[in-house]
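Atoms considered below: every heavy atom in the structure, side chains included; atoms not considered: hydrogens, waters and symmetry mates. If you read the sequence from its start, that first residue is 1, and numbering goes on from there.
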Amino acid sequence: MEQARERVLNAAEARLLAGGPAALVLDRVAADAGVSKGGLLYHFASKEALVGGLCERMLERFDQQLEALFQAEPVGPGAWTRAYLASTVTDEGKPADTSAQLMAGILATLGRDSQHLESVRRCFARWHARLEADGLDPGTATLVRLAADGLWLSAMLGLPQVEDEVGRETLRCLRALTGA
């Protein structure tokens, strides 16, 4: 059963990333996942429930990646902030993964008043609390988070991205603020 649920989520994510919210058609997601529409509805009672499942999975993946990056950092001030930065943007200042594009699709599908966005808000609050307790000046840690989130958000909204050299310099400056 869990395999079918994951196949449905994988198919929905692929459709959302490839074609945006208009591509998220339950019949097509079910076919892509190799399940019947009834099988899809067994796991996700509605399109909103399916998109909520995508949101939850995206947040879980980010948490796992963030924790792995944190564990790889030397113990000391700024470790969590450096892990957050690395999990959010690449060395060139681009989004580290497809999460910005996926979140754009989720928001476009659910809207800004969805109950699922409360999970996103709780996660960001938890991550921010860890940043403030990271041993850096809380203002510095917040500045790094907001810069990383801004780069990620720019990608999500399709705003102009930083050029490669500017992106690398931006990341170098942000890492320097974390004590790297």
Side-chain angles (χ1 to χ4, degrees), residues 1-72 83-130 145-162 164 167:
M1 285 287 189
E2 191 61 32
Q3 291 177 350
R5 184 180 192 282
E6 282 302 305
R7 286 197 321 268
V8 168
L9 286 171
N10 291 339
E13 183 175 312
R15 286 199 152 272
L16 198 55
L17 289 171
L24 197 63
V25 177
L26 295 184
D27 290 326
R28 292 184 180 145
V29 170
D32 291 352
V35 300
S36 67
K37 186 171 180 184
L40 181 150
L41 293 172
Y42 172 79
H43 295 287
F44 302 99
S46 66
K47 183 186 279 190
E48 182 173 345
L50 175 59
V51 176
L54 286 172
C55 187
E56 289 171 24
R57 185 170 80 163
M58 182 186 73
L59 293 170
E60 287 172 14
R61 285 178 176 170
F62 185 80
D63 263 337
Q64 291 167 357
Q65 178 185 18
L66 183 54
E67 190 59 36
L69 289 167
F70 173 66
Q71 293 300 324
Y84 186 89
L85 183 61
S87 64
T88 306
V89 293
T90 66
D91 290 342
E92 290 77 33
K94 308 287 187 209
D97 57 21
T98 60
S99 63
Q101 187 181 355
L102 185 58
M103 182 56 83
I106 288 169
L107 289 174
T109 305
L110 294 176
R112 65 186 188 108
D113 295 326
S114 169
Q115 65 183 11
H116 299 291
L117 292 181
E118 190 53 39
S119 298
V120 174
R121 292 179 184 111
R122 280 193 305 272
C123 285
F124 270 88
R126 180 171 38 82
W127 299 327
H128 186 77
R130 285 193 70 177
R145 180 190 71 89
L146 292 175
D149 290 349
L151 290 166
W152 183 84
L153 183 63
S154 290
M156 184 178 94
L157 297 175
L159 301 176
Q161 300 295 295
V162 294
D164 290 342

Less than 6.0 angstrom from the centroid, inside 45 degrees of the normal: does R130 satisfy that with respect to the ring of Y84?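 No, R130 does not lie over the aromatic ring of Y84.
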
Please check: side-chain N/O of K37 versus main-chain N/O of A31, any donor-acceptor pairing under 3.5 Å?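 No, the answer is negative, given that no donor and acceptor are paired below the 3.5 Å cut-off.
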
Does L159 offer a backbone N or O that forms a donor-acceptor pair with the side chain of Q161 under 3.5 Å?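 Such a contact is found between Q161 side chain and L159 backbone.
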
Have Q71 and E67 got a donor and an acceptor in their side chains that come within less than 3.5 Å?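 Yes, side-chain donor-acceptor contact under 3.5 Å.
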
Check the angle between the aromatic planes of F124 and W152 and answer parallel, tilted or perpendicular using the 30° and 60° thresholds.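 Plane angle between 30° and 60°, so tilted.
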
What is the minimum heavy-atom distance between [X] and [Y], and which atoms define it?
| X | Y | result |
| --- | --- | --- |
| R7 | G34 | NH2-O, 4.0 Å |
| L50 | L24 | CD2-CD1, 4.5 Å |
| L40 | L26 | CD1-O, 3.7 Å |
| C123 | L59 | SG-CD1, 4.0 Å |
| P160 | S154 | O-CB, 4.4 Å |
| T88 | A148 | CG2-O, 3.5 Å |

If you measure from [atom1] on [X] to [atom2] on [Y], what distance do you get to the nearest 0.5 Å?
| X | Y | atom1 | atom2 | result |
| --- | --- | --- | --- | --- |
| L146 | L151 | CG | CG | 11.0 Å |
| F44 | R5 | CZ | CZ | 4.0 Å |
| R57 | N10 | CZ | CG | 4.5 Å |
| S87 | Q64 | OG | CD | 12.5 Å |

If the threshold is 4.0 Å, N to carboxylate O, is there a salt bridge linking D97 and R61?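 No, this pair does not count.
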
If the threshold is 4.0 Å, N to carboxylate O, is there a salt bridge linking E118 and R121?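 Salt bridge between E118 and R121, a charged N being under 4.0 Å from a carboxylate O: yes.
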
